[in-house]
Amino acid sequence: VQLQASGGGLVQAGGSLRLSCAASGVTFRDYNAGWFRQAPGKEREFVAGRRWGGRGTYYADSVKGRLTISGDNAKNTVTLQMDSLKPEDTAVYYCAAAPARKILSELRNPGSYDHWGQGTQVTVSS
């Protein structure tokens with residue numbers, strides 16, 4: 001199983017980025033997906049989750065209304081559209097896949113995930 005995250009970069013506050021997670025060995029039509037982030041000196045934190053086949057989405061309060069998780073079953077990818085970015089969004093962002101049996105509220109727990117991508121750096125300047 002491989003998850004490949006891409007799309008990170010440097011952006012000014014208020015700008016947008018689009019992260020993508022491409023999977024091989026798992027199908028997001030059958031697996032839940034999540035995005036987490038980790039800033040220097042901080043623990044990894046939940047950002048957004050999506051139930052398999054698009055059966056619901058879940059967001060951390062800090063990103064609601066600014067970040068959107070979506071999936072493309074044909075391409076087997078999950079995307080995180082990031083708008084109105086803030087300097088506090090600066091972190092390494094990781095995508096992950098969790099078994100379909102996990103319910104929406106469990107997707108905020110890193111322990112629910114079996115597979116992780118390598119991370120992509122997002123830096124938001126003020």
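Below, all heavy atoms of this structure are taken into account, side chains as well, without hydrogens, waters or symmetry copies.
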Notebook entry, point to check: Honestly curious: do Leu107 and Tyr93 fall in one hydrophobic cluster under the side-chain, below-4.5 Å linking rule?
Noted result: no

Next item on the list: Show your working on side-chain contact (heavy atoms from CB on, under 4.5 Å) between Leu85 and Leu17 and close with a plain yes or no.
Entry: CA-CA 8 Å; Leu85 283 164; Leu17 281 174; 4.2 Å; yes

Next item on the list: Tell me, yes or no, whether the heavy-atom count around Gln2 atom CD, taken from other residues, nucleotides or ligands under 6.0 Å, exceeds 12.
Entry: no

Notebook entry, point to check: Looking at Ser126 and Ala13, what are the two nearest heavy atoms and their distance?
Noted result: CA-CB, 4.4 Å

Checklist line | Short side-chain to backbone donor-acceptor contact, Asn76 and Ser24, under 3.5 Å | finding: no

Checklist line | Steps toward side-chain contact (heavy atoms from CB on, under 4.5 Å) verdict (Thr68, Leu80) | finding: CA-CA 6 Å; Thr68 304; Leu80 186 68; over 6 Å; no

Next item on the list: Please tell me if the side chains of Val92 and Thr120 come closer than 4.5 Å, counting only heavy atoms from C-beta onward.
Entry: no

Checklist line | Any side-chain donor near an acceptor of the partner, Asp83 and Ser16, under 3.5 Å | finding: yes

Notebook entry, point to check: Thinking salt bridges, do Asp61 and Lys64 make one under a 4.0 Å N-O criterion?
Noted result: yes

Next item on the list: Would you mind reporting whether Val124 and Glu88 have side-chain heavy atoms less than 4.5 Å apart?
Entry: no

Notebook entry, point to check: Sub-3.5 Å donor-acceptor pair from the side chain of Arg29 to the main-chain atoms of Gly54, do we have one?
Noted result: no

Margin query: Measuring only between side-chain heavy atoms, which start at C-beta, is Asp114 closer than 4.5 Å to Pro99?
Written below: yes

Notebook entry, point to check: Given the rule in the ring pair (Phe, Tyr, Trp, His ring centres under 6.0 Å) test, do Phe46 and Tyr58 qualify, once you have shown the distances and angles that lead to the verdict?
Noted result: CA-CA 10 Å; Phe46 170 78; Tyr58 188 37; 5.5 Å; yes

Item checked: pair Arg18-Thr79: side-chain heavy atoms closer than 4.5 Å -> yes

Checklist line | Euclidean distance, Asp89 CG relative to Leu67 CG, rounded to 0.5 Å | finding: 6.5 Å

Margin query: As an exercise, state the distance from SG of Cys21 to NE2 of His115, rounded to the nearest 0.5 Å.
Written below: 11.5 Å

Next item on the list: Report yes if the distance between the aromatic ring centroids of Phe36 and Tyr113 is under 6.0 Å, otherwise no.
Entry: yes

Margin query: Less than 4.5 Å apart, side chain to side chain, heavy atoms only: is that true for Val47 and Tyr59?
Written below: no

Checklist line | Flag side-chain contact, heavy atom, 4.5 Å: Arg37 against Arg44 | finding: no

Margin query: Quick check for you: to the nearest 0.5 Å, what is the distance between Thr77 atom OG1 and Asp72 atom CG?
Written below: 4.5 Å

Item checked: Pairwise distance CE(Met82) to CG(Leu19) - rounded to 0.5 angstrom -> 5.0 Å

Notebook entry, point to check: Are Val78 and Ile69 close enough that some pair of their side-chain heavy atoms sits under 4.5 Å apart?
Noted result: yes

Check: Where does the angle between the aromatic ring planes of Trp116 and Tyr94 fall among parallel (under 30°), tilted (30 to 60°) and perpendicular (over 60°)?
Finding: perpendicular

Margin query: To the nearest 0.5 Å, what is the distance between CZ on Arg55 and CG on Leu104?
Written below: 12.5 Å

Check: Out of curiosity, Gln38 CD to Gln121 CD, how far, rounded to the nearest 0.5 Å?
Finding: 11.0 Å

Item checked: Derivation and outcome, side-chain contact (heavy atoms from CB on, under 4.5 Å), residues Arg108 and Glu45 -> CA-CA 8 Å; Arg108 69 181 304 118; Glu45 66 171 352; over 6 Å; no

Next item on the list: Give the minimum heavy-atom separation between Ser112 and Ala98, together with the two atoms involved.
Entry: O-CB, 3.3 Å

Check: With the 4.5 Å side-chain cut-off for hydrophobic clustering, are Tyr31 and Val1 part of the same group?
Finding: yes

